[in-house]
Number of protein chains: 2
Amino acid sequence: MSLPNFVGVYFYSMDSKNRLAVPAKMRLAMGETRGMILSCGLEGCLSLYLGEAWRKLNARLEEAPLNNRMEQRAFKRMLYASACEVDFDDEGRILLPQHLADYAQMKREAAIIGVGEKIEIWAKERWSAYQKREARAFTRHASRLEI
Amino acid sequence: MSLPNFVGVYFYSMDSKNRLAVPAKMRLAMGETRGMILSCGLEGCLSLYLGEAWRKLNARLEEAPLNNRMEQRAFKRMLYASACEVDFDDEGRILLPQHLADYAQMKREAAIIGVGEKIEIWAKERWSAYQKREARAFTRHASRLEI
DNA sequence: TCACAATCCCCCACTTTTCCCCACTATGGC
DNA sequence: GCCATAGTGGGGAAAAGTGGGGGATTGTGA
C-alpha cells in the first residue's frame, strides 16, 4: 500500500479551543487510516504525519550518522517530546496542544500545506512571509530543473 | 506483539506523597500490560520501562561492548540497584521512591516524555534546561535529515 | 508475641480539560 | 434557487489530573 501524496494550500482558522480543521480533500486521501503524529517542523511550522509516514521517518533516523550516543539520545528525545498523537474529532478537526501552537506562533489564521507524505501547518503570516522570501529562489530552481 | 511507541511531553505535578500521574494516552497505549520498572536514566532523568522493554534492555546489556568485564558488572549493578518495580494506583499514578526522586532532583513539577519504547520522567526545570541546551543541535540535525 | 510506627494504597471529592454533539453559515454543483 | 457538503462555533457530559483522609499492611523493637 502506498502513502497518499498531499498537495495544495488551504487557509483555515483555529478556534478558541485550538481546534483546526484538516481539509476534506486531505482527509479523503488518507482513507480509513487514523492515528497521526503532529510534531515540530523546520522553519517554524508543524508537521502532520500519518502513522506509517512517521514510522518511515523514524527508520531513517535510526541509521542517521550522528556523532555519538549522547547526541543521538538528545535528538531522539527532542523529536519525540515535540511530537504528539492526534486524531480527528467528528468534524474532521485536530486539537493543537498549546506548546505546539506556541512553537508555530499560531494566531487565528493558519495555512495548511500538502507536502507529499506530510502535511504542514503554518501561522498564516509566517507562511506569507516565507513564501514571499522564497519566491525568487523558487523561480531559479524551477528554471534549472525545467519544470 | 509489538511494544507501544510513546511520544509527546506532558507537564504534570508530583504531590506531597511522591505520586505522579502517567498520561492517560500512554496508559492506553500500554493496554493491559502491567508491571513496570522504574530506574535511573541518563542525563539525570528517570526511565520507565514496560516489563518486556526492560527485558530487551537487559538482553542488550549482556552483549554490550564495554571496555571490560568489571565495568560491565558495575554498570549492571548500578542499574539494577536503582531499579524498582512500580504499578498504577486506581487513578493511574505511580509512586516514586525517595531515592529516585532525589536522583532526578524532582520538585513539584515534572515533565513526562514518551521516547519510543520507554517513558522518561524529568524534573521540569532540568528538562527545560536540557531542551534549551540541545535546541540548536536538534535544528541542525533535523535540517540535515530533512524532517 | 505484641505494640507501635511508617508506609502504601484504596477511596472519595474537586477542578480542569477533552471531546461528543448540535447548530449555523458559506460555498459550489445541479 | 435548492440541496449537499464543508468549515466554524459553542454547550455540556464525560474523562483525566490533583489532593487528602484513613484503613490495611508491613516492619521494627521491646
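A note on names: the letters A, B, ... follow the listed sequences, proteins ahead of strands, and every chain is numbered from 1. Remember, it's a predicted structure, so these values are computed and weren't measured experimentally. Side-chain atoms are counted along with the backbone in the values below, which use heavy atoms only and exclude waters and symmetry mates.
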- Task: Rounded to the nearest 0.5 Å, what's the gap from CG on L48(A) to CD1 on I113(A)? Could you check?
- Result: 12.5 Å

- For F138(B), which residues count as a ring-ring contact (aromatic ring centres under 6.0 Å, His included) partner, sequence neighbours excluded? F75(A)

- Note on the structure: By nearest-heavy-atom nucleotide on DNA chain D, the more 5' of P23(A) and R27(B) is P23(A)

- Task: Rounded to the nearest angstrom, tell me the gap between atom CD in E109(A) and atom P in dG7(D).
- Result: 16 Å

- Taking every non-hydrogen atom, the tightest pair across R93(A) and R19(A): NH2-NH1, 3.4 Å

- Message: From CE of M14(A) over to P of dT8(D), roughly how many Å is that when rounded to an integer?
- Response: 12 Å

- Identify the heavy atoms of C45(A) and Y103(A) that sit nearest to each other, and give their distance. O-CE2, 3.3 Å

- Item | Close aromatic pair by centroid cut-off 6.0 Å: W127(B) and Y10(B) | no

- Gap between atoms CG and C1', on L28(A) and dT5(D) respectively (whole Å): 11 Å

- Just by protein heavy atoms under 4.0 Å, how would nucleotides 17-30 of chain C read 5' to 3' in B, S and -? --BBBB--------

- Measure from CG on D87(B) to P on dC8(C) and round the result to the nearest Å. 14 Å

- Query: Rounded to whole angstroms, how far apart are CG on L20(B) and P on dC9(C)?
  - Reply: 15 Å

- Note on the structure: Separation of dT16(C) atom P from Q98(A) atom CD, nearest Å, is 16 Å

- Task: Write down the distance between CD1 (I94(B)) and P (dT18(D)), rounded to a whole number of angstrom.
- Result: 13 Å

- Could you tell me which residues satisfy side-chain hydrogen bond (donor to acceptor under 3.5 Å, both in side chains) with E62(A), sequence neighbours excluded, listed by chain and number? none

